[in-house]
Amino acid sequence: MKFRPLNAVHELMNKTGYEPAYAYDDLVFSSDAIFIVQFDDKNPSLLTLFINKDCIESERDRIKTIFTSHANDKNLTVKFDGSFELCESKQNESFDIVFSN
């Protein structure tokens, strides 16, 4: 089992005003699916941040600023790697995550 700083990500999400809603494998979804944090398998101190494409720009900037500054305090590095959207799956009653830069 790989080490993932889940407690640190939980604290970082709370600093932005959102809570972790769901964790699956290397992804942690914020409440209301506003953003997703992805753990890096090779570097446990690297986090990748994806923000929902429907998030307004001022909120996107606020999340990035708060998340990054508090991550630095925990010796974590945050890489912003674009946005995502949740699309209803045509195959079953689930959602697909579509990432974009």
Side-chain angles (χ1 to χ4, degrees):
M1 176 171 251
K2 295 181 183 353
F3 170 76
R4 303 202 195 279
L6 191 55
N7 286 337
V9 168
H10 184 261
E11 291 175 25
L12 293 170
M13 286 183 161
N14 286 333
K15 294 281 187 189
T16 66
Y18 295 94
E19 296 180 6
Y22 183 73
Y24 177 77
D25 194 27
D26 64 341
L27 301 175
V28 181
F29 294 79
S30 73
S31 53
D32 299 325
I34 299 297
F35 61 92
I36 298 172
V37 177
Q38 182 178 36
F39 296 106
D40 187 280
D41 285 338
K42 296 177 184 164
N43 182 355
S45 65
L46 177 62
L47 305 172
T48 303
L49 180 65
F50 299 92
I51 299 179
N52 192 306
K53 76 170 191 85
D54 294 329
C55 184
I56 59 173
E57 188 174 347
S58 60
E59 181 66 0
R60 177 186 326 248
D61 293 342
R62 188 188 75 79
I63 291 168
K64 286 176 14 181
T65 300
I66 292 171
F67 204 91
T68 302
S69 67
H70 288 287
N72 290 338
D73 295 342
K74 297 183 176 303
N75 296 320
L76 297 170
T77 302
V78 177
K79 174 176 76 168
F80 179 69
D81 207 20
S83 61
F84 75 95
E85 63 180 309
L86 296 175
C87 300
E88 190 174 346
S89 175
K90 296 180 192 288
Q91 297 177 1
N92 54 34
E93 294 181 12
S94 65
F95 289 92
D96 293 325
I97 306 168
V98 179
F99 294 97
S100 59
N101 291 341

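None of these values were measured; they are calculated from a predicted model.
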For Asp54, is there an ion pair with Arg60 - N to carboxylate O distance below 4.0 angstrom? no
Quick one: does any side-chain atom of [X] pair with a main-chain N or O of [Y] as donor and acceptor, under 3.5 Å?
X     : Y     : value
Thr16 : Met13 : yes
Asp32 : Ile34 : no
Ser31 : Glu19 : yes
Ser69 : Ile66 : yes
Thr68 : Val78 : no

Less than 4.5 Å apart, side chain to side chain, heavy atoms only: is that true for Val98 and Phe84? no
Please tell me whether [X] and [Y] are part of a single hydrophobic cluster in this structure, the criterion being side-chain heavy atoms less than 4.5 Å apart.
X     : Y     : result
Leu12 : Phe80 : yes
Ile51 : Leu76 : yes
Ile36 : Tyr22 : yes

Can you tell me how far CG of Asp81 sits from CG of Leu49, rounded to the nearest 0.5 angstrom?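 Going from the CG atom of Leu49 to the CG atom of Asp81 covers 9.5 Å.
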How many angstroms lie between atom CZ of Arg4 and atom CG of Leu27, to the nearest 0.5 angstrom? 9.0 Å
Minimum-distance pair of heavy atoms, taken over all atoms of Phe50 and Ser83: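 The answer is CD2-O, 4.2 Å.
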